[in-house]
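Values reported hereafter were calculated over all heavy atoms of this structure, with side chains retained and with hydrogens, waters and symmetry mates removed. Letters go in sequence order (proteins before strands), and every chain restarts at 1.
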Number of protein chains: 2
Amino acid sequence: MPKRVDHAERRTEIAEALVRVAGRRGLHAVGMRDVAAEAGVSLRLVQYYFETKEKLLLFGLRHLAERFGERVAARLRAAGDHPGPRAMIEALLMAALPTDEESRTFHHLYTSYAVLAVNDPTLAAQPFIKDPDAAEAALHGLLQQAQESDLLRPGVDSRTEAVGLLAMSAGLGTSILVGQRTPDSATAIFEYHLNRIFGPGPGISAGSASPLP
Amino acid sequence: MPKRVDHAERRTEIAEALVRVAGRRGLHAVGMRDVAAEAGVSLRLVQYYFETKEKLLLFGLRHLAERFGERVAARLRAAGDHPGPRAMIEALLMAALPTDEESRTFHHLYTSYAVLAVNDPTLAAQPFIKDPDAAEAALHGLLQQAQESDLLRPGVDSRTEAVGLLAMSAGLGTSILVGQRTPDSATAIFEYHLNRIFGPGPGISAGSASPLP
DNA sequence: AACGTTGTGATACGAACGTACCACGATGGT
DNA sequence: ACCATCGTGGTACGTTCGTATCACAACGTT
């Protein structure tokens, strides 16, 4: 029926099918046939656009990381520069928490890939070193900017804080994912730490932010 | 040849074989046959002592969590009460980092199980809710104890700090696992935060603890 | 001494997986 | 108008997996 097909677009569609079905049933339980069914194409086509499963998984990871990067960027843009760097930092940290379905899926799959990357060096480089480094640099930049504007309490090490906050975000994200903690409690913890780094200021908009449940 | 066999002991041996081989090749790549070979027994025996793979995995998780709990307890005991609560807290946080092979395996497999638990509620309850809650309670207790001894800076919320530090530990652990960060840099971050919570005091014994590589 | 239970081995089975192969309609270049 | 190539479907192959089955040796009990 169709003549010439945009390969990149088709690969993206299939990769998103992979992300959907993996988010639903777990990455370990996803086969080529599941991806094909979810994408509404034949098994042969998945083979055609990604010759091997490994390549499909790799592309899926890159696509996932890219989509998530765009999401974070959009939230940062939405936060705007108006209320100052603190709002941007809040947006950055909150965007990484698994609150809605999309971020839940991201955390779930990203962690799955991270586990695979421990034994499969092919996966590692870009999404598990470079991307976190970039996030760290971004947060570090925001903190430095705030520091230069004299918004931070004295004695704050912007670099160490950046690393620590991102690690905290990752750890809290996992806790939320497995149901140990609620997004609201994570929000409250961030609020506490931002109050400690900045002076006391205007709070976070979302969530009830009760002390701790 | 042998007459009566201690089931519990045998199950433990097999579970440890599971942990070893899974730590080497990844939990997703481990089959019943691999566990049998690693334990030096026949496939049938693994089936005999754990009827199904799911039960083997479940027991493996509980065993892993238990062994790790003992490890942390031993480190806490080794830290002793003498240098005060700060040393205990340092020991608690450091014990959770993947520094040697044993803790690396623990982090790797525990994360693998956590990913599985997202889609399989059978796994969740004990090791992913109760155990972290216990760790949190322990750290919280140590912080409270330090607070009552007037060792903490004013304005420190012991509960929030406990949760945040443990989340940071988990996040840093994953970063170390995938090779983004070194154990030493994680140590430096803990030192920074403990200096902030306590007054400035005696440093951590292990590691070079350079500012940040 | 006989017997039921327990521990162990070898092997078979059915399903699912990733991949390879074959066939064919449609399309675009010449 | 031909033909090589692209896109697509269907299906088969070989492997591996978890599990089930059969057989039998060794032990404790009576």
Side-chain angles (χ1 to χ4, degrees), chain A residues 1-61 109 112-113 115-116 119-120 122-123, chain B residues 1-61 109 112-113 115-116 119-120 122-123:
Chain A
M1 319 114 114
K3 32 181 168 187
R4 236 35 165 227
V5 178
D6 184 346
H7 270 224
E9 185 181 348
R10 194 76 98 137
R11 284 164 64 92
T12 298
E13 282 173 19
I14 295 177
E16 281 178 353
L18 163 67
V19 168
R20 279 197 303 274
V21 66
R24 230 180 300 128
R25 301 211 284 263
L27 189 62
H28 66 285
V30 173
M32 305 278 277
R33 287 164 176 84
D34 303 291
V35 176
E38 175 74 22
V41 300
S42 75
L43 168 61
R44 180 66 181 87
L45 275 228
V46 180
Q47 281 190 266
Y48 183 71
Y49 290 102
F50 304 90
E51 278 137 64
T52 178
K53 187 187 183 182
E54 191 185 351
K55 292 179 182 169
L56 169 61
L57 288 178
L58 202 84
F59 187 87
L61 170 58
L109 296 189
S112 301
Y113 275 113
V115 166
L116 293 186
N119 297 108
D120 180 2
T122 309
L123 279 292
Chain B
M1 312 135 75
K3 32 182 170 187
R4 236 38 164 227
V5 178
D6 184 345
H7 270 225
E9 186 180 347
R10 193 76 99 146
R11 284 163 64 92
T12 298
E13 282 172 20
I14 295 179
E16 280 177 354
L18 162 68
V19 167
R20 280 196 305 273
V21 66
R24 228 180 302 129
R25 300 211 285 261
L27 189 63
H28 67 284
V30 173
M32 306 278 278
R33 287 164 177 85
D34 303 290
V35 176
E38 175 75 20
V41 300
S42 75
L43 168 62
R44 179 66 180 86
L45 277 227
V46 180
Q47 281 189 267
Y48 183 71
Y49 290 102
F50 304 90
E51 278 136 63
T52 178
K53 186 186 184 183
E54 191 185 350
K55 291 178 184 171
L56 168 60
L57 288 177
L58 203 83
F59 186 87
L61 171 58
L109 296 188
S112 301
Y113 275 113
V115 165
L116 292 186
N119 296 107
D120 180 1
T122 309
L123 280 290

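- You'll find the side chain of Val35(B) stays beyond 4.5 Å of the side chain of Phe50(B), heavy atoms only.
- Checking Leu43(A) against Glu54(B), the closest nucleotide of DNA chain D that is more toward the 5' end is the one next to Leu43(A).
- Look at Tyr48(B) and you won't find any side-chain N or O under 4.0 angstrom from OP1 or OP2 of dT8(C).
- With contacts defined as side-chain heavy-atom distances shorter than 4.5 Å, the pair Leu116(A)/Leu27(A) qualifies.
- One interatomic measurement links the two molecules: CD of Glu13(A) to P of dT8(D), which rounds to 10 Å at whole-angstrom precision.
- Under 4.0 angstrom from either OP1 or OP2 of dG7(D) there lies at least one side-chain N or O belonging to His7(A).
- In this structure, the CD atom of Glu51(A) is 12 Å from the C1' atom of dT19(C), given to the nearest Å.
- The closest side-chain heavy-atom distance from Tyr48(B) to His7(B) is below 4.5 Å.
- Of the side-chain N and O atoms in Thr52(A), one or more sit less than 4.0 angstrom from OP1 or OP2 of dT19(C).
- Residue Ser42(A) has no polar side-chain atom (N or O) positioned under 4.0 Å from OP1 or OP2 of dG10(D).
- To the nearest angstrom, C1' of dC17(C) lies 16 Å from CG of Leu18(A).
- Among the nucleotides dG7(C), dC17(D), dT19(C), the one closest to the side chain of Arg10(B) is dG7(C).
- Here the nucleotide nearest the side chain of Lys53(A), chosen from dC17(C), dT19(D), dT11(D), is dC17(C).
- Here Phe50(B) lies out of heavy-atom contact (under 4.0 Å) with every strand.
- For a distance-only test at 3.5 Å, the side chain of Arg44(B) fails to qualify as a donor-acceptor partner of the base of dG7(C).
- Leu45(A) has its side chain within reach of Arg10(A): a pair of non-hydrogen atoms, C-beta onward, lies under 4.5 Å apart.
- The side chain of Met32(A) lies closest to dG18(C) when the candidates are dG18(C), dG7(D), dT8(C).
- For Glu38(B), the salt bridge (Lys or Arg N to Asp or Glu O under 4.0 Å) partners at least two apart in sequence or on another chain are Arg20(B), Arg24(B).
- Rounded to a whole Å, the CD1 atom of Ile14(B) is 12 Å from the C1' atom of dT8(C).
- Per the geometry, OH belonging to Tyr49(A) stands 18 Å off P belonging to dT19(C), to the nearest Å.
- Protein atom CD of Gln47(A) is 11 Å distant from nucleotide atom P of dC21(C), rounded to whole Å.
- One interatomic measurement links the two molecules: CG of Asp34(A) to C1' of dA16(C), which rounds to 10 Å at whole-angstrom precision.
- Whole-Å rounding puts the Arg33(B) CZ to dT15(D) C1' distance at 11 Å.
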